[in-house]
K.L.:
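Pasting in a structure now, in structure tokens, and then I'll have a few things to ask.
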Amino acid sequence: MYKEQDFDVIVIGAGHAGCEASLASARLGWKTCIFTINIDTIAQLSCNPAIGGLAKGHLVREIDALGGEMAKVTDMSGIQFRMLNLSKGPAVWSLRAQADRVLYRNNMRCSIERQEGLAIKQGMIEKIIVEDGKIKGVITSLGVFYGARAVIITTGTFLKGLMHIGLDSFQAGRAGEFPSIGLSDSLKSLGLRMGRLKTGTPPRLDARTIDFSKITPQQGDDPPQPFSYSTEKIINPQLPCYITYTNKKTHEIILESLDRSPLYSGKIKGIGPRYCPSIEDKVVRFSEKERHQIFLEPEGLETTEYYANGISTSLPYDIQVNLVKSIEGLENAEIMRPAYAIEYDFVYPTQLRHSLEVKGIDGLFLAGQINGTSGYEEAAAQGLMAGINAAMKLKGKEPLILGRDEAYIGVLIDDLVTKGTSEPYRMFTSRAEYRLLLRHDNADFRLMDKGYNIGLVTEEDYGRFGEKKRSMFEEIERLKKIRVKPSGDINNALSSLGTSAISEDTTLDKLLKRPEIRYDFIKELFPSPYALVPEIESLVETHVKYDGYILKQIEMAERLKKLESKKIPAGFDYKTISGLSKEIVEKLSEIQPETIGQASRIPGITPAAISIIVVAVERHWKKSRSF
């Protein structure tokens, strides 16, 4: 075995989790190396060329507020930006962007190559070296050893990856790339319990063969709103997406071909994503539906390739051709790349701490799809947190753990390590108890102080945030102080908006609380002396309108924190507690919750069981203090 050199942190995999993890640890001062099977596919958008979307957009904003890279690279690469859910309340608004696949990859690679203290190596890691429960390094397929004090594994779909197109199968991490075989075996030898998941991707089509006159264009927002708080303006040309639908003929083709589907023939063993099923799964499960929507998304500014979002499939190639040509606008469409499904190994995430460090293996962290998640954003969020916490560990500091009331990232990680998953986990706004606190527009207010104190947010970005915060609160105070007297003009204006007249002096903030009144109305009648940008005006309106609801959610979160503050000793023996069922003891012993709050969120743990645990834990702490 040949030893080349030692690093403080080694990151295995250069997808979205690996990129964020390596940048974070290097920026926090540690000598870092990122390993990838193919340097040319760093930050590859393996599936659809898009970032963000419902709840996922919140994650991207939070990554940015903590000093991560995904939002900035998306802004540099974006070719369409849309704010989703604007017809609903601000708690569920989410930004989504189409990205130029090549630009995204190149911009992220550029960030990594320019980062001081971050090395890039092309190589396949075959083995993790652990001695006495502590990470020592890794060994590549060429037998080269690299020492490390912390290792972060972010392998995506590459662990024993197996591609399916019809009844044909190929070993691959994704189309055209080798899988990682030895590393999966190495993790199993370390005692980690592993399972098998499946995901898929649709065919890519040649735009020159699509009849766009038959399908509906969908434009982005004008002007486009950036993801990153540091981006002043989107400069790329913006492109439309297009909408079409499957039909009765499409469904007949699919149903007649199920005997050739690896999904329905039993060849695929892995569990697929419930919320992003293949088209054959959708047609079978929702047989009452006459059609399913398809989004045709451009892959980039300099290519004719389009991503057919909505017809992910593992059916044979000849069936894919017929399926595509049955769809309106695609009668003559040519497939540039076939659709496929891919199975891969993952680690059951209940074996991790909230820091994403593996329990019982000092210095080993896991992030991304290896933890059972799906999606670029979920992966990047975990990668950032693993990179931060590896750095904190090497500094001898406490890990950064985000609460469920502080960030969707906190919800994501707590769900994984507390509840676990047996299917690809996807973030939704419905997973969060405090959606009004965790809005897309206030991620910087929630998290930028943390990012700055850690050392990832720059002085420039933090200074800009300070000005934004000052402007917002100054305007809110102004609205509370200015009183409006009843008058004919005022009451006529209120009547025109469908809201009642005022009969006594009323402050501007009380007027703005009315559902019929928008900040634009206030601004027109009583303009601010400060020059406020639209983003701050929107924040002011949301804060004033929902102030009462926000305070209620803050109170709820404070009550939860009391449970979170009750620590459970490491390695606590639940078998010694009388009154707990065998099933509850098994769950608690497996997950080893760190707090009473975490224990209360484990599926199947009853309030009665929590009361028993609280008494036992308090008895333990009293006994330990008496010595």
K.L.:
Would you say NZ of Lys395 has more than 12 non-hydrogen atoms from neighbouring residues, nucleotides or ligands within 6.0 angstrom?
P.N.:
yes
K.L.:
Sub-3.5 Å donor-acceptor pair from the side chain of Tyr408 to the main-chain atoms of Val60, do we have one?
P.N.:
no
K.L.:
Mark yes or no for whether His16, through its side chain, and Gln44, through its backbone, hold a donor-acceptor pair below 3.5 Å.
P.N.:
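Answer holds: yes.
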K.L.:
For residues Asp345 and Ser184, is any side-chain donor paired with an opposing acceptor at under 3.5 Å?
P.N.:
yes
K.L.:
Indicate yes or no for a side-chain donor-acceptor contact from Glu377 to the backbone of Gly52 under 3.5 Å, with no hydrogens or angles considered.
P.N.:
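Yes; at least one donor-acceptor contact below 3.5 Å.
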K.L.:
Looking at every heavy atom in both Cys19 and Ile42, which two are closest together, and how far apart are they?
P.N.:
SG-CG2, 3.8 Å
K.L.:
Tell me whether Arg61 is salt-bridged to Asp64, with the criterion being a basic N under 4.0 Å from an acidic carboxylate O.
P.N.:
no
K.L.:
Going by an N to O cut-off under 4.0 Å, is there a salt bridge joining Arg404 and Glu564?
P.N.:
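Salt bridge flag = no for Glu564 with Arg404.
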K.L.:
Do Asp414 side-chain atoms and Gly410 backbone N/O form a donor-acceptor pair below 3.5 Å?
P.N.:
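Looks like no, no N/O pair under 3.5 Å.
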K.L.:
Give the C-alpha distance, both sets of side-chain angles, the deciding distance and a yes or no for salt bridge (Lys or Arg N to Asp or Glu O under 4.0 Å) between Glu69 and Arg27.
P.N.:
CA-CA 11 Å; Glu69 197 70 11; Arg27 287 169 176 170; 2.8 Å; yes
K.L.:
Please tell me if the side chains of Tyr574 and Gln592 come closer than 4.5 Å, counting only heavy atoms from C-beta onward.
P.N.:
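Yes - at least one pair of side-chain heavy atoms lies under 4.5 Å apart.
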K.L.:
Can we say Glu590 and Arg193 salt-bridge, meaning some charged N sits less than 4.0 Å from an Asp/Glu carboxylate O?
P.N.:
yes
K.L.:
With distance as the sole criterion, is a donor-acceptor pair present between the side chains of Asp75 and Thr231 under 3.5 Å?
P.N.:
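Present: a donor and an acceptor within the cut-off.
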K.L.:
Are Lys56 and Glu378 within salt-bridge range, i.e. N to O under 4.0 Å?
P.N.:
yes
K.L.:
Does one side chain, of Asn371 or Gln382, offer a donor that lies under 3.5 Å from an acceptor on the other?
P.N.:
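Present: a donor and an acceptor within the cut-off.
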K.L.:
Enumerate donor-acceptor pairs with a distance under 3.5 Å from any side-chain N or O in residues 123-133 to protein atoms, sequence neighbours excluded.
P.N.:
none

K.L.:
Could you tell me whether Glu433 and Arg601 make a salt bridge, using a distance below 4.0 angstrom between a side-chain N and a carboxylate O?
P.N.:
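Salt bridge flag = no for Arg601 with Glu433.
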K.L.:
I want to check something: taking the side chain as every heavy atom from C-beta on, are Gln98 and Pro49 in contact at a cut-off of under 4.5 Å?
P.N.:
yes
K.L.:
Would you say that Thr418 contacts His354 through its side chain, given a criterion of any heavy-atom pair below 4.5 Å between the two side chains?
P.N.:
yes
K.L.:
Go through the steps to decide whether Tyr348 and Phe346 satisfy the test ring pair (Phe, Tyr, Trp, His ring centres under 6.0 Å), and finish with yes or no.
P.N.:
CA-CA 7 Å; Tyr348 288 105; Phe346 81 107; 4.9 Å; yes
K.L.:
With rounding to the nearest 0.5 angstrom, report the CG to CE distance, Leu402 to Met385.
P.N.:
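Leu402 CG to Met385 CE: 4.0 Å, rounded to 0.5 Å.
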K.L.:
May I ask you to say whether Asp40 pairs ionically with Arg109, meaning some side-chain N is under 4.0 Å from a carboxylate O?
P.N.:
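Result for this pair is yes, salt bridge flagged.
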K.L.:
For Lys188, look at atom NZ and say whether over 12 heavy atoms of other residues, nucleotides or ligands are found less than 6.0 Å away.
P.N.:
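Yes.
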K.L.:
Taking the side chain as everything from C-beta on, heavy atoms only, tell me whether Ile370 gets closer than 4.5 Å to Tyr344.
P.N.:
no
K.L.:
Which heavy atom in Phe81 sits nearest to a heavy atom in Gln225, and how many Å separate them?
P.N.:
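Heavy-atom minimum between the residues: CD2-O, 3.4 Å.
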K.L.:
Please confirm whether the backbone N or O of Pro593 pairs with a side-chain atom of Gln598, one donor and one acceptor, at under 3.5 Å?
P.N.:
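No, Gln598 side chain to Pro593 backbone: no donor-acceptor pair under 3.5 Å.
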K.L.:
What closest approach, in Å, do Ala119 and Phe7 show between heavy atoms, and which atom pair accounts for it?
P.N.:
CB-CE2, 4.0 Å
K.L.:
Could you report the tightest heavy-atom contact between Ala339 and Ile165, atom names first, then the distance?
P.N.:
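Closest approach of Ala339 to Ile165: O-CG1, 3.6 Å.
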K.L.:
Return a table of donor-acceptor pairs under 3.5 angstrom between the side chains of residues 147-163 and protein atoms on other chains or two or more places apart.
P.N.:
from   : atom 1 : to     : atom 2 : distance (Å)
Arg149 : NH1    : Asp8   : OD1    : 3.3
Thr154 : OG1    : Ile12  : O      : 2.8
Thr154 : OG1    : Gly13  : O      : 3.0
Thr154 : OG1    : Gly18  : N      : 3.4
Thr157 : OG1    : Gly173 : O      : 2.6
Lys160 : NZ     : Asp185 : OD1    : 2.7

K.L.:
Taking all atoms of both residues into account, what is the closest heavy-atom pair of Leu438 and Glu406, and its distance?
P.N.:
CD2-C, 3.4 Å
K.L.:
Answer whether the closest heavy-atom distance between the side chains of Leu416 and Leu352 falls below 4.5 Å.
P.N.:
no
K.L.:
I'd like to check the side chain to side chain contact (heavy atoms under 4.5 Å, CB included) partners of Pro179; sequence neighbours left out, ordered by chain and number.
P.N.:
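Side chain to side chain contact (heavy atoms under 4.5 Å, CB included) check on Pro179 returns Gln171, Ile181.
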K.L.:
Run the ring pair (Phe, Tyr, Trp, His ring centres under 6.0 Å) test on Tyr146 and Phe35 for me, step by step, so that the C-alpha distance in whole Å, both residues' side-chain angles and the decisive distance to 0.1 Å come before the verdict.
P.N.:
CA-CA 11 Å; Tyr146 293 89; Phe35 281 84; 5.0 Å; yes
K.L.:
With a sphere of 6.0 Å drawn around CZ of Phe178, does it hold more than 12 non-hydrogen atoms of other residues, nucleotides or ligands?
P.N.:
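No, CZ of Phe178 has 12 or fewer neighbouring heavy atoms, counting only those of other groups under 6.0 Å.
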K.L.:
Identify which one of His440, His58, Arg439 satisfies the side-chain hydrogen bond (donor to acceptor under 3.5 Å, both in side chains) criterion when paired with Ser94.
P.N.:
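Answer to the side-chain hydrogen bond (donor to acceptor under 3.5 Å, both in side chains) test with Ser94 among His440, His58, Arg439: His58.
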K.L.:
Looking only at heavy atoms, what is the nearest atom pair of Lys450 and Arg446, with distance?
P.N.:
CE-O, 4.3 Å
K.L.:
Report the residue from Lys267, Glu343, Lys198 that forms a side-chain hydrogen bond (donor to acceptor under 3.5 Å, both in side chains) with His164.
P.N.:
Glu343
K.L.:
Do the non-hydrogen side-chain atoms of Met70 and Tyr104 ever get within less than 4.5 Å of each other?
P.N.:
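Result yes, sub-4.5 Å side-chain heavy-atom pair found.
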